[in-house]
Structures are given as structure tokens and as C-alpha cells.
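Residues take their numbers from the sequence shown, with the count starting at 1.
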Amino acid sequence: MDRDKFRDECGVFGIYGHDEASHMTYLGLYALQHRGQESAGIAAVRDGRVQLSRAMGHVSDVFDEDVLQGLAGRSAIGHVRYSTFGDSRIVNAQPILIECSHGQIALCHNGNLVNAPELRAELVRRGSIFQTNSDTEVILHLYARSTAATAEDAMVESVSRVAGAFSLVTLTPDNLVAVRDPHGFRPLALGRLGEAHVVCSETCAMDLIGATYVRDVEPGEVLVIGRDGLRSYRPFPAVTPAHCVFEHVYFARPDSYVFGQSVNEVRTNLGRLLARESAVPADVVVPIPDSGLCAAAGYAESAGVPLRMGLIRNHYVGRTFIQPHQSIRGLKVKVKLNTVRSIIEGNRVVLVDDSIVRGTTSRKIVGMIKAAGAREVHMRISCPPTVSPCYYGIDTPHPNELIAARHPVSEIRDFLGADTLSYLSLDGLREAVGASHPNYCYACYTREYRVAPPSDSDAYMQMVLKLPEDGPPSQP
């Protein structure tokens, strides 16, 4: 089921000037777990040296009290990862810690570098030896080769050579540095916890530790946090921001603020506008949990149709769930979702979800709703059709795997088995994010990229994905 959704990318967290820095980082990563479930890591300064601990698995599996005590110090950074670039293995876990002529540095990265393959090939020709196949390591090799006078200048020089999306948090024995790419594709927020400074991907991490949100790290901004406090400057040429609109559609937690806006309010407004554009006579609105909840609430409110939890999600299905033979069709979906027949039977049902990627999971859910006795099933999607990959930090399938890239809405509807299917319009999406919508990136819906895609996208490792067992239909 998960392979019929976009994967969350990564989450970063950093704190400087707190006696329990590693514990605060652990809690911050716990709040950001939805952004990456493959690996987790924390780097902290202890006795003047940067110490590192990282492993595969969820935050609660990777860290215990003994590990955190070994990271005791007043500054720390952390990372949760889903591999949008590079294999899923421990060597690619972050933070990545190196020691070079500039001293020790640990780095966490959320985003994707579209020119990483070219830079990597150049560095290898010049003698660099790579330990990972993560694009993040490219930054560190550039950093290690820099002849800049200070570590801070070396980092700026390094990221000036990369293209794409990067929200970075780095840690040296002296400073914590946060850097955001000039377009601001991925979120990064600044907060305070007493006298300590906090940076993180989403404000929900601040809420958990009791920190106060101050502002976003601005696109193109470098924040240096050290003994003398916080210093901010902007060394990169100014460009028009291009915040990832899919953070509001799907990725971010509803209780977060990203890009200065409430995710819950934007997502609910998506549903309101969806109903305004494509309401249909119905008896009940049923969200596809969990990501369809806010939009479904907005749709139900605007359409005047009751919202009911007609699908129940099992939150305790592990990654190692063992499947019986393929003769039991649709088990992957059914083990995670089950219908409430008393809500569905005999009713006209509006199913609300945030997106359709391949369509295979949506088809199974429509079939489950019909099997539970629905009289009609109307599918409503709170974003436009996804027709193009993202190269800026989201695990998006190849265009051949995106059903909307190859088929019109009418054929997708028939493949799903729904009575009707409607997506939110691009104008509706722009209206939902408000007055600042020119600052958003809509490339996955428009094919209009702010930063040029990789010159050889088929060679780009983000695109090399395995098809699911019941891969996308060639003919809906």
C-alpha cells in the first residue's frame, strides 16, 4: 500500500546551548518520524569532540538511555531518513561525520541535489573516495577540498556548487550551522527553548519539547549559532522562492506550521475548495486515513454532508508483515484498512484522499467500499493530477508509473471502479495556499521546474525504483 503513496523524504533537527541536547534531539526526531522511517541518527559535541550514533530503524528502536548518555553535551543535531537518493543501508544513514583540514563536521540534509551525479563523477576523477551513494556526501567532499579560510566559508563555497533542494544542519565542535537553498524548496524553522536555539523541519518538533517558534530560516539564508549567539547572512544570489506545495497536500503533520502557514488550515481549505468545484449528491463523506482526514473534513463542511469514519486504519502493522500467498488478493490494503459496514452499506459515499500515484491502492479501496454495500462511490482528490516526478527531495515514481501522466481522468475513474472521480484544480490548489502562492513549486502537477532536472534523469538514482507486485496498469 505504501508504494502507492509518495514517500516522505527526511527530517532534520538541531539544538545549541541546552544541557540535555541529545535528549531534546531524540524527542524532536520522534516528532519528525513521519518524514523518514528507514534510519535515524544523532551527532553531539561531548568533551570538545563530535560523537555520532546512528542505525537502521525507527527513532525509538535506535536510541536508548545508554546511547543518549554517550551523546551528552550542549549541542546536537539529528536526522530521520527515507532514501530519496541512495540505497537503504546503514552507510547512507545520517548525520554523516567526517574529519578534514577544517576539523570535524557532522551534516544532516533534507532535499535532493539534481547535479550530484555530475559532481560526484568530477570528484572521483580528482581522487575522492566515496563511502556512500548518497548525494549528501558530495557536499562533504566539496567541503573537505575547499581552501576557504574558515569552516563556515568552506560550507558556503561547497553548497554554492550544488543545485536543487537542501535544508542542511551541520555541527562542529564550536558551532551549529543551518543552511537553506535559495529557492527554499524544503521547510526549515527556527525556534527558542529558554536560552537554546532550535532548528527543525517542522514546528511539531518544537511543540513536543516546549520550544517556541520564532520564524522560518529564509531561503538562501545561512544561520551560524555559537557561543556569541546567532548570526545570519545571505551569501547566495537571490531567486524567486519555490516552496514545495506537497508539504501542505500530504507530507507535513497537520499540527505543524510550514512555510509560515498552518498545515491543518491549508489542508482543510483544500477540501472546502474541492467540494466547491465538484460536490456530488451523497449521504456520507469518508476520509482515507490518515492523510485524507483534513481535506475530508473541509469537503464535508462545505458540501453539507456528514463526515464519518467508514475506514479504520490499523496502526500496528510493522514493516516486516508476512504475507500469505498471492491468491489472497488485496491483503496488503485490507491488513491496514477495514470498512465499517454500518456507515457504508446502502449509502452514496464520497471517498476523499490527498493524491493518486499509481492507482492500485485506490482501486482496492473503492472495491472494499463497494463490497461493504455502498450504493455509489465518488472519489475526490484534494490536489491536481500528479503528472511529473519531483527532483527536490520526494521519492516520486518514474513518469511511466504515474497513472495521471498516461491516462485521462475518465480512464482513471474506470480503472478505479468509481462512479465519479474529480481532482482539485490547479487554481483551487493555488487559492488554498493563499496570497503567497507565487512562492510555491507546482512542478509535479505542471512539469514546470524551477531548477532544471538532471541531464540524465534515467540515470538519476532517485528514479531507479522497483515496481510494486501489482504494478501500474498499462491499460486502465
Side-chain angles (χ1 to χ4, degrees), residues 10 12 14 41 43 45 48-52 54 77 79 81 83-87 91-183 185-186 220-226 231 233-237 391-393 451-452 454-456 459-462:
C10 297
V12 300
V45 176
R49 297 282 295 174
V50 180
Q51 309 292 332
L52 173 66
R54 59 185 186 172
I77 63 173
H79 188 269
R81 181 175 192 264
S83 57
T84 60
F85 196 110
D87 293 341
V91 71
N92 287 324
Q94 297 185 27
I96 300 176
L97 173 64
I98 67 165
E99 188 161 5
C100 63
S101 60
H102 301 293
Q104 282 189 305
I105 187 170
L107 184 147
C108 298
H109 173 208
N110 175 208
N112 267 108
L113 310 179
V114 297
N115 64 339
E118 292 85 356
L119 289 173
R120 182 185 179 106
E122 174 192 328
L123 288 162
V124 169
R125 286 194 299 270
R126 294 168 60 189
S128 292
I129 300 173
F130 280 76
Q131 301 299 313
T132 78
N133 62 356
S134 166
D135 60 342
T136 305
E137 192 181 359
V138 169
I139 299 173
L140 290 171
H141 279 275
L142 293 170
Y143 174 85
R145 286 179 170 272
S146 171
T147 58
T150 67
E152 180 184 315
D153 290 339
M155 180 52 61
V156 171
E157 180 184 302
S158 303
V159 298
S160 295
R161 291 203 58 196
V162 302
F166 52 89
S167 286
L168 306 176
V169 181
T170 72
L171 185 67
T172 69
D174 299 318
N175 297 320
L176 187 155
V177 180
V179 187
R180 194 168 173 212
D181 71 80
H183 287 91
F185 284 110
R186 308 255 68 85
E221 183 178 15
V222 177
L223 284 177
V224 182
I225 307 170
R231 179 165 53 89
Y233 65 106
R234 292 170 173 78
F236 310 113
Y391 297 99
Y392 311 134
V451 175
S455 56
D456 185 355
Y460 190 63
M461 294 175 68
Q462 178 186 341

Indicate whether the side chain of Arg145 and that of Ser128 have a donor and an acceptor atom separated by less than 3.5 Å.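 Side-chain D/A pair, Arg145 to Ser128: present.
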
Polar side chain donor-acceptor pair, Gln104 to Thr172, under 3.5 angstrom: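 Absent: no donor and acceptor within the cut-off.
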
Nearest 0.5 Å please: distance from the [atom1] atom of [X] over to the [atom2] atom of [Y].
X: Ser146; Y: Asp153; atom1: OG; atom2: CG; answer: 8.0 Å
X: His79; Y: Asn110; atom1: NE2; atom2: CG; answer: 6.5 Å
X: Ile129; Y: Glu137; atom1: CD1; atom2: CD; answer: 10.5 Å
X: Cys108; Y: Leu168; atom1: SG; atom2: CG; answer: 9.0 Å
X: Phe236; Y: His183; atom1: CZ; atom2: NE2; answer: 13.0 Å
X: Leu142; Y: Leu123; atom1: CG; atom2: CG; answer: 5.0 Å

4.5 Å side-chain heavy-atom contact, [X] and [Y]:
X: Ile105; Y: Leu171; answer: no
X: Leu52; Y: Pro95; answer: yes
X: Thr136; Y: Leu107; answer: yes
X: Glu221; Y: Arg180; answer: no
X: Phe185; Y: Asn112; answer: no
X: Val159; Y: Tyr143; answer: no
X: Pro173; Y: Val50; answer: yes
X: Val177; Y: Leu223; answer: no

As a quick check of understanding, evaluate side-chain contact (heavy atoms from CB on, under 4.5 Å) for Val222 and Arg234, giving each step before the final call. CA-CA 6 Å; Val222 177; Arg234 292 170 173 78; over 6 Å; no

For the student: nearest non-hydrogen atoms of [X] and [Y], plus distance:
X: Ala93; Y: Arg81; value: CA-CD, 4.3 Å
X: Arg186; Y: Asp181; value: N-OD2, 4.5 Å
X: His102; Y: Ala148; value: CE1-O, 3.5 Å
X: Ala452; Y: Val114; value: O-CG2, 3.6 Å
X: Ala106; Y: Ala43; value: CB-CB, 3.7 Å

Who passes ring pair (Phe, Tyr, Trp, His ring centres under 6.0 Å) against Phe166, sequence neighbours left out?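 Counting only residues at least two positions away or on another chain, Phe166 forms no ring pair (Phe, Tyr, Trp, His ring centres under 6.0 Å).
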
Please evaluate residues Glu122 and Arg126 with respect to the criterion side-chain contact (heavy atoms from CB on, under 4.5 Å), reporting the C-alpha separation (whole Å), side-chain torsions for both, the decisive distance (0.1 Å), and the verdict. CA-CA 6 Å; Glu122 174 192 328; Arg126 294 168 60 189; 3.2 Å; yes

Evaluate the criterion side-chain contact (heavy atoms from CB on, under 4.5 Å) for residue pair Cys10 and His109; output intermediate values, then yes/no. CA-CA 8 Å; Cys10 297; His109 173 208; over 6 Å; no

Between Glu157 and Arg161, is there a salt bridge with N-O shorter than 4.0 Å?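 Judged by the 4.0 Å cut-off on N to carboxylate O distance, Arg161 and Glu157 do not form a salt bridge.
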
Between Arg54 and Ile96, does the side-chain contact (heavy atoms from CB on, under 4.5 Å) criterion hold? Intermediate values first, please. CA-CA 9 Å; Arg54 59 185 186 172; Ile96 300 176; 4.1 Å; yes

For the pair Asn92 (side chain) and Asn133 (backbone), establish whether a donor and an acceptor sit closer than 3.5 Å, ignoring hydrogens and angles.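 The answer is yes, because a donor-acceptor pair under 3.5 Å joins these two groups.
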
If only atom types and distance count, is the side chain of Tyr392 paired as donor or acceptor with the main-chain N or O of Val451 below 3.5 Å?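 Pair found, side chain donor or acceptor close to backbone of Val451.
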
